[in-house]
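Report on the structure given below.
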Amino acid sequence: MKDTFYVTTPIYYPNDVPHIGHAYTSVAADIIARYHRLRGERVFHLTGTDEHGLKLQRAAEAAGVDPRTWVDRMEPRWREVWSRLDIAYDDYIRTTEPRHEAAVAQLLQAVYENGRDDIYPGIYEGLYCVSCELYYGESDLEGGNCPIHGRPVELLREENYFFRLSAYRDRLLEHYEHHPEAVQPEVRRNEVLSVIRGGLQDFSISRTSFHWGIPLPWDPRHVCYVWFDALTNYITAAGYGSDPERFGRMWPADVHLMAKDILRQHAVYWPAMLMAAGVEPARQVWAHGYLLVGGEKMSKTKLTGIHPFELIDHFGVDSYRYYFMREIQFGQDGNFSWESMVERHNADLANGLGNLLSRVLAMLAASFEGRVPPPDGTGAEGDLPAVAADVLGRYEGHFGRMELSSAVGAAWDLVGRVNQYLVEREPWKVARDPARQEEAGAVLYAAAEALRILAVLISPVMPGAAARVWEQLGIAAPLGAQRLPEAAAWGGLAPGTVTRRGEALFPRIDA
RNA sequence: GGCGGCGUAGCUCAGAGGCAGAGCAAGCGGCUCAUAAUCGCUGUGUCGGUGGUUCGAGUCCACCCGCCGCUACCA
């Protein structure tokens, strides 16, 4: 019985250099996973690398090593990025692992033997560049020539196995009719439906022209080509074909996250492949937009690909995660710029949350020896508890609809309200009057309590910063043990707690 | 060619029949606990264009312009 919230990223191609677009998907997946953990759910967050294929085989040859050695060398460059970004995946799959090769073989065999000839031998005919050793689609060509070598391509024929995607048109349409949430956002769903309605073509699933791949179980002269290898990782890790009990708890995946460029494979090929094997499709495929730099898609040739480290080194990992999630409406394309990142960092993090923590702890240190004073029971907290409750409600609602930017934004309504509240109540002034110590204390209690709740709410997005707020507040119970909604209920902060004012949470950045 | 999306304040964007909005940036004022911080006040914008429906149109309809996505086809 399914009991695990299962979220995936695509598996990345280790020959590529990681850029902020890849990281965007992985950060989003991590935030979603952490949010569900915060709610006390059992969560499984999967990522990995896609390690087969001709391009890797050729890169290895060029480097004078075998493909295995090559991918072993390249793959850590990806994990290193995830580590620096605080991506807490639960499993990391490499398609070269035996468990994956076994799962692919099982899936292929299941489809091959399903009695409907969904996999059949055929002739693949394509435009081939001898220099690239690659097939191109007509739309990839430039004036009929190879876009890389500028030389004429040849029409080549190769014996392949095909998957009978065309047979799944009606079943896919029916599936998406009954599960309108299964492709999101809406605009992407419409595209998928129009692709399916327009008729589907069978696609080739094997190659004999290179060998760095998983052999087909019934015809090992062929290696499996791309999609039956790559997409299958999602069920490999869930225990398909190896651990039925585990598979039952995990599958179907709750959400496959990806950029919109591989939507079709996830929303058309993949469910059809699973149907052919008698496996239920994932519950949701969620295609987010592109990160634009200077209004244009990042590109290698224009050198606009940005490595995450270039930003992490300057802004810090928490600011990095916050910026991309807050600045861009999840699902839409979004512009990255250094300027807007500095702006967000200073306005929201340094001046907003960071300064709020700083002023509250400074006042506690000045007037109460750093100890959290008791609330006074006369309503000094004003509407802060109500605002916190409202913020929590909106935060959860937005997360439920994958409106990540709005969910994060909701927390900042509380930051704003507490700053306002402090100006209204002037605790720095009240504290100077010996007769009004209790009042000053109660006001600071309320501000500190709001900060405690904020630490919980930002923890999926900025786990490091949340931990630092928690630590400076001096709370003994581990942040990692907090669960929503209880942890956001007003009054959780114990009077007497010894706060520890530390370094600025987010130092301002000049440019 | 077909289907779809977008075009709103300097910037990023929300609003989908009823007095043009938010955040940021900018200006002025307050406060001085705080990270030159924070709080308050300040927005006359051909809501891409034209025409229409309506008592009333960013909002609905038609056409047009400019971007973009998916898809088809020609070469």
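A, B, ... follow the sequence lines: proteins, then strands. Residue 1 opens every chain. Worth knowing before you read on, the calculation uses all heavy atoms, side chains too, and leaves out hydrogens, waters and symmetry mates.
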For this session: When you get a sec, tell me which of B/U38, B/C24, B/U35 is the closest nucleotide to the side chain of A/Ala350?
Result: B/U35
Exercise. If we take the P atom in both B/C47 and B/C11, what is their distance in whole Å?
Worked result: 16 Å
Exercise. If we ignore angles and hydrogens, is there a donor and acceptor under 3.5 Å between the side chains of A/Arg501 and A/Ser358?
Worked result: yes
Problem set entry | salt bridge (Lys or Arg N to Asp or Glu O under 4.0 Å) pairs, two or more places apart, involving residues 354-372 of chain A | none
Exercise. Just checking A/Arg501: base, sugar-phosphate only, or nothing, at a heavy-atom cut-off of under 4.0 Å?
Worked result: sugar-phosphate
Exercise. Looking only at side-chain N and O atoms, does A/Lys429 come under 4.0 Å of OP1 or OP2 in B/U32?
Worked result: yes
Problem set entry | Ranges pairing with ranges for RNA chain B, where each run has three or more Watson-Crick or G-U pairs under 3.5 Å | B:1-7 with B:65-71, B:10-13 with B:21-24, B:26-30 with B:38-42, B:48-52 with B:60-64
Seminar exercise, completed: Rounded to the nearest 0.5 Å, the CD1 atom of A/Ile509 sits from the OG atom of A/Ser319 at a distance of 5.5 Å
Exercise. Between B/C39 and B/C60, how far is it from one C1' atom to the other, in whole Å?
Worked result: 43 Å
Exercise. So what does A/Leu263 touch, heavy atoms closer than 4.0 Å: a base, only the sugar-phosphate, or nothing?
Worked result: nothing
Exercise. Just checking A/Glu424: base, sugar-phosphate only, or nothing, at a heavy-atom cut-off of under 4.0 Å?
Worked result: nothing
Exercise. Taking the C1' atom of each, how far is B/A16 from B/G7, in whole Å?
Worked result: 15 Å
Exercise. Contact class for A/Arg197 vs. all strands (heavy atom < 4.0 Å): base, sugar-phosphate, or nothing?
Worked result: nothing
Exercise. Has the side chain of A/Asn355 got a donor or acceptor atom that lies under 3.5 Å from a matching backbone atom of A/Ala350?
Worked result: no
Problem set entry | Distance-only polar pair, side chains of A/His314 and A/Trp338, donor-acceptor under 3.5 Å | no
Problem set entry | C1' atoms of B/G69 and B/G27, separation to the nearest Å | 41 Å
Exercise. OH/A/Tyr320 to CG/A/Leu311 distance, rounded to the nearest 0.5 angstrom?
Worked result: 6.0 Å
Seminar exercise, completed: Ranking A/Glu426 and A/Gly334 by the position along RNA chain B of their nearest nucleotide, the one closer to 5' is A/Gly334
Problem set entry | C1' gap between B/U8 and B/G45, integer Å | 8 Å
Seminar exercise, completed: Of B/U32, B/U38, B/U35, the nucleotide closest to the side chain of A/Asn351 is B/U38
